[in-house]
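In each ligand, atom 1 is the first atom listed, and ligand 1 is the first ligand listed. The figures here come from the full heavy-atom set of this structure, side chains too, leaving out hydrogens, waters and symmetry mates.
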Amino acid sequence: MFEKFKYWYHCTVNARRQPFLDYSRRLIMIGGHHYVVRQAAEKDINRLVEVEKQIYGTAPWSYAAFQLELSRHHDRLYIVVEHKEELVGFIGMAVDWYHLDLHITNIGISPDWQKGGIGTYLIKTAIAYARHLQLHSLSLEVRVHNLVARHLYERLGFRENQIKQRYYLDNHEDAVDMQANLLSRGE
Ligand SMILES: CC(C)(COP(=O)(O)OP(=O)(O)OC[C@H]1O[C@@H](n2cnc3c(N)ncnc32)[C@H](O)[C@@H]1OP(=O)(O)O)[C@@H](O)C(=O)NCCC(=O)NCCS
């Protein structure tokens, strides 16, 4: 019963306190390049799908999948990074108000722009946003074989929790479930 009450409280009271997730546009410089960082909007979806195609060869997330995510203003936030109006990277976040967790749903940097610090910047932005919302943790899943991403997350404070077997639908690859605990970092 108490669990049900907690769930109701987080879904109603917290959701009312934070009805819309928003992120203000900013200009940043990483490694000598200037970028615009801003909240994603519906007009960006074709370019988000295009970045996924550049990375994976196909687009794991369809136009409709991004559209659904971007429509959920109360618990989703997508941020894009642009260089001279070219969309070069993005990150997606989903707030779990019940567990006070910020889940990273997706992150992608266009191949030409990888290794330039944008991924690090976006994960740090997610951590800062989780703190801003007074959440307790961040979480994500990553393919077992994606050592670049696993290393990046570990360097930024994520720890491996468990393996989710055959998690990915395309090739049945296992996922590593990772979490960064903000409370244990004194935050
Ligand atoms: C994983 C990813 C988001 C990292 O973004 P990024 O902008 O390239 O990351 P950064 O430039 O901040 O680099 C982070 C680290 O990864 C290393 N790195 C990045 N790309 C690399 C590559 N292709 N090969 C080897 N090392 C790489 C960097 O050298 C850096 O290492 P360091 O921490 O020892 O300095 C990006 O490579 C990407 O989009 N990959 C394809 C999609 C993907 O895997 N998404 C994650 C799904 S969970």
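Closest to atom 44 (O) of ligand 1 among all protein heavy atoms lies Asn146 ND2, 2.6 Å. Atom 20 (N) of ligand 1 has as its closest protein heavy atom Lys115 CG, 3.1 Å. Nearest protein heavy-atom neighbour of atom 34 (O) of ligand 1: His151 NE2, 3.3 Å. With hydrogens left out, the protein atom closest to atom 45 (N) of ligand 1 is Ile107 O, 3.0 Å, a heavy atom. Among protein heavy atoms, atom 16 (O) of ligand 1 sits closest to Val148 CG1, 3.8 Å. Given atom 12 (O) of ligand 1, the protein heavy atom at minimum distance is Thr120 OG1, 2.5 Å. Atom 33 (O) of ligand 1 has as its closest protein heavy atom Arg155 NE, 2.5 Å. For atom 46 (C) of ligand 1, the nearest non-hydrogen atom of the protein is Tyr153 OH, 3.5 Å.
A donor-acceptor contact under 3.5 angstrom links the side chains of Asn106 and Glu52, judged on distance only. At a cut-off of 3.5 Å, with distance as the only test, a side-chain donor of Tyr167 or Glu141 sits close to an acceptor on the other residue.
Not a single donor-acceptor pair under 3.5 Å links the side chain of Arg150 to the backbone N or O of Val148. Here the side chain of Ser110 pairs no donor or acceptor atom with the backbone of Trp113 at under 3.5 angstrom.
Of the candidates Glu141, Met178, Gln114, it is Gln114 that places a heavy atom closest to atom 38 (C) of ligand 1. With atom 11 (O) of ligand 1 as the reference point, the heavy atom nearest to it among Gly117, Gly108, Pro60 is part of Gly117.
Under the 4.0 angstrom criterion for non-hydrogen atoms, Tyr56 is in contact with ligand 1. Contact between Arg143 and ligand 1 is absent, with no heavy atom of the residue lying under 4.0 Å from the ligand.
The N/O atoms of Ile109, backbone and side chain alike, include one that comes under 3.5 Å of an N/O atom in ligand 1. Considering backbone and side-chain N/O of Gly119, one or more are found under 3.5 Å from N/O of ligand 1.
The list of salt bridge (Lys or Arg N to Asp or Glu O under 4.0 Å) pairs with a residue in residues 85-96, not counting sequence neighbours, is empty.
Checking each of Asp101, Leu102, Ile127 against Leu135 for a side-chain contact (heavy atoms from CB on, under 4.5 Å) leaves exactly one that passes, namely Leu102.
If you number the atoms of ligand 1 from 1 as listed, the ones under 4.0 Å from a heavy atom of Leu152 come out as 4 (C), 14 (C). Each of the atoms 41 (C), 42 (C) of ligand 1 lies under 4.0 Å from some heavy atom of Ile55.
Ion pair Arg159/Asp177 not flagged as a salt bridge, since none of the NZ, NE, NH1 or NH2 atoms sits closer than 4.0 Å to an Asp/Glu carboxylate oxygen. Look at Glu82 and Arg38 and you find a salt bridge, because one of the NZ, NE, NH1 or NH2 atoms lies within 4.0 Å of a carboxylate O, short of that distance.
Atom 30 (C) of ligand 1 is never approached by the protein to below 4.0 angstrom, counting heavy atoms only.
By the 4.5 Å heavy-atom criterion applied to side chains, Leu27 and Tyr35 are not counted as neighbours.
Not counting sequence neighbours, the partners of Arg72 by the side chain to side chain donor-acceptor pair (under 3.5 Å) test are Asp75.
Between His83 and His34, the distance from one ring center to the other does not fall under 6.0 angstrom.
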